[in-house]
Q: 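Quick one: the structure is below, questions incoming.
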There are 2 protein chains.
Amino acid sequence: MLRLSKFADYGCQVMAYMAQDKAVHSATEVATSLGMAAATVSKILKMLARENLVASVLGAKGGYALARHPQQISIAEIINAMDGPISITQCSGTTSCERESFCSTRGNWQGINHIIQDALAKVSLAEMIAPKPQVVNMRTIRSRDVSA
Amino acid sequence: MLRLSKFADYGCQVMAYMAQDKAVHSATEVATSLGMAAATVSKILKMLARENLVASVLGAKGGYALARHPQQISIAEIINAMDGPISITQCSGTTSCERESFCSTRGNWQGINHIIQDALAKVSLAEMIAPKPQVVNMRTIRSRDVSA
DNA sequence: CCGAACTGGGACTATTTTAGTCCTAGTTAG
DNA sequence: CTAACTAGGACTAAAATAGTCCCAGTTCGG
């Protein structure tokens, strides 16, 4: 339906791991713990560091630590850091968008996009790692379609 | 941030065009009106027909017409028809998902996924083509980030 | 002061998705 | 019976994504 990139997914996993404590973790350590390729984790941490979601410590014994408290980091920020702020409609104003009905469509797309961003911004990393999901009433999970 | 495929976008455009009236339109006609490649529009209409969003009429003078009233078609259905029911998290249960903290993360992902699906299901094709966006209060559009 | 353990940044390649084209078969109006 | 259509799928092309690697800079510990 709507896809989140693997990077965004990885980014959240990495952040979830980091959220365990306030300590400094090296990329290698995170990779080992998560069972991911070291180079990939390193890349992800670099991206997260650039967006100030994690703070980096240079040199030997260096690594990364969460820049803020898990309560103060939303998954929207993580996704943005990994995927960039790409809106769901990527209509780059090409020629096929001239008709009035289409433009009004665009306006609605933006509204929908906003709802999604809002939903993601409302969930903090702390909530994400909580065993009891509070994001939405979980009786609604049945709505989940069979994945492709 | 979150990407909608071009096909889903096209599908909505095609459906918006079809929603103008209850008449039968050939793929060629739709393509011409929308300024899109005929083969592509044809493919999109076939997909929409398979999901019963449009009804097809075979033979000469054939074509497609909206299967239901625009009020009764949600954009979630259109997106599903085009992209398939792919949830935002595509974790296929690989080895890196063993830890408890991750699994709880998955549960929350499903909740978020549901919110998004809900938002899309609430918007009908009729609302989508309406010039005045009612989907969300539009004072919030400022939240739209600069696209990549 | 040197070497080992790190991050920073980016170039590069491989892989997978996505988009788009085309062909053949079947249906129907005139 | 032919022209105008859709049905379905095979195929190719293009682009986005994921993943690897390299080199430079920083810091710790001996």
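None of the values given here were measured: they were computed from a predicted structure. Each chain gets a letter, A, B and so on, in the order its sequence line appears, and its residues count up from 1.
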Q: Indicate whether OP1 or OP2 belonging to dA5(C) is found under 4.0 Å from a side-chain N or O atom of Ser26(A).
A: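 Answer is no, no contact under 4.0 Å.
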Q: Reading DNA chain D from 5' onward, which residue's closest nucleotide shows up sooner: Gly59(B) or Ala37(A)?
A: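 That would be Gly59(B).
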Q: From CZ of Phe7(A) over to C1' of dG19(D), roughly how many Å is that when rounded to an integer?
A: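 Whole-Å distance recorded here is 7 Å.
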Q: Considering the options Val54(A), Leu53(A), Leu45(A), which one meets the side-chain contact (heavy atoms from CB on, under 4.5 Å) requirement together with Val14(A)?
A: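 Checked Val54(A), Leu53(A), Leu45(A) against Val14(A); only one passes side-chain contact (heavy atoms from CB on, under 4.5 Å): Leu45(A).
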Q: Whole angstrom is fine here: how far is it from CG in Leu4(A) over to P in dT17(D)?
A: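 One finds 11 Å between P of dT17(D) and CG of Leu4(A), rounded.
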Q: How do Lys61(A) and Thr28(B) order along DNA chain D: which one's closest nucleotide is nearer the 5' end?
A: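 The 5'-side residue here is Thr28(B).
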Q: Measure from CE on Met82(B) to P on dT17(C) and round the result to the nearest Å.
A: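 Going from Met82(B) (CE) to dT17(C) (P), I get 18 Å.
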Q: Using modelled atom types and a 3.5 Å cut-off, is there a donor and acceptor pairing between side-chain atoms of Asn108(A) and backbone atoms of Glu127(B)?
A: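 Side chain of Asn108(A) to backbone of Glu127(B): a pair is present.
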Q: Is there side-chain contact between Val30(A) and Tyr64(A), with at least one heavy-atom pair below 4.5 Å?
A: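 Counting from C-beta outward, Val30(A) and Tyr64(A) never come under 4.5 Å.
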Q: Nearest whole angstrom, please: distance from the P of dT18(C) to the NZ of Lys6(B).
A: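 Going from NZ in Lys6(B) over to P in dT18(C) covers 13 Å.
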Q: Please tell me if Ser42(A) has a side-chain N or O lying less than 4.0 Å from either OP1 or OP2 of dT7(C).
A: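 Looking at the OP1 and OP2 atoms of dT7(C), neither is under 4.0 Å from any side-chain N or O of Ser42(A).
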Q: Examine dA7(D): is either OP1 or OP2 under 4.0 Å from a nitrogen or oxygen in the side chain of Tyr64(B)? Give yes or no.
A: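 Answer is yes, contact under 4.0 Å.
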Q: Measure CG/Asp83(B) against P/dT18(C) and give the value in whole Å, please.
A: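 Spelled out: CG on Asp83(B) to P on dT18(C) is 7 Å.
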Q: Just to be sure I understand the geometry, which residues of residues 45-55 of chain A put a non-hydrogen atom under 4.0 Å away from DNA chain D?
A: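 Those residues whose heavy atoms fall under 4.0 Å from DNA chain D, taken from residues 45-55 of chain A, amount to none.
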Q: Among dG8(C), dA18(D), dT6(D), which nucleotide has an atom closest to any side-chain atom of Leu58(A)?
A: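 So the nucleotide nearest the side chain must be dG8(C).
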Q: Distance check needed: dT18(C) P versus Asp9(B) CG, whole Å only.
A: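 Taking CG of Asp9(B) and P of dT18(C), I get 15 Å after rounding.
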Q: Distance-only, no hydrogens or angles: does the Asp83(A) side chain make a donor-acceptor pair with backbone N or O of Ile79(A) under 3.5 Å?
A: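 Side chain of Asp83(A) to backbone of Ile79(A), a donor-acceptor pair under 3.5 Å: no, none is there.
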Q: Does a side-chain N-to-carboxylate-O contact under 4.0 Å join Glu77(B) and Arg68(B)?
A: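 The answer is yes: the pair qualifies as a salt bridge.
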Q: Atom NZ of Lys43(B) to atom C1' of dA13(D): distance rounded to whole Å?
A: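 Lys43(B) atom NZ is separated from dA13(D) atom C1' by 12 Å.
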Q: With no hydrogens and no angle check, is any side-chain donor or acceptor of Ser42(B) less than 3.5 Å from a backbone partner on Ala38(B)?
A: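 No.
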Q: Kindly state each residue pair satisfying ring pair (Phe, Tyr, Trp, His ring centres under 6.0 Å) with at least one member in residues 18-51 of chain A, sequence neighbours excluded.
A: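 Only Tyr17(A)-His25(A) qualify under ring pair (Phe, Tyr, Trp, His ring centres under 6.0 Å).
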Q: If the cut-off is 4.0 Å, is Ser56(A) near the phosphate of dG8(C), judged by side-chain N/O to OP1 or OP2?
A: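 The answer is yes; a side-chain N or O of Ser56(A) sits under 4.0 Å from OP1 or OP2.
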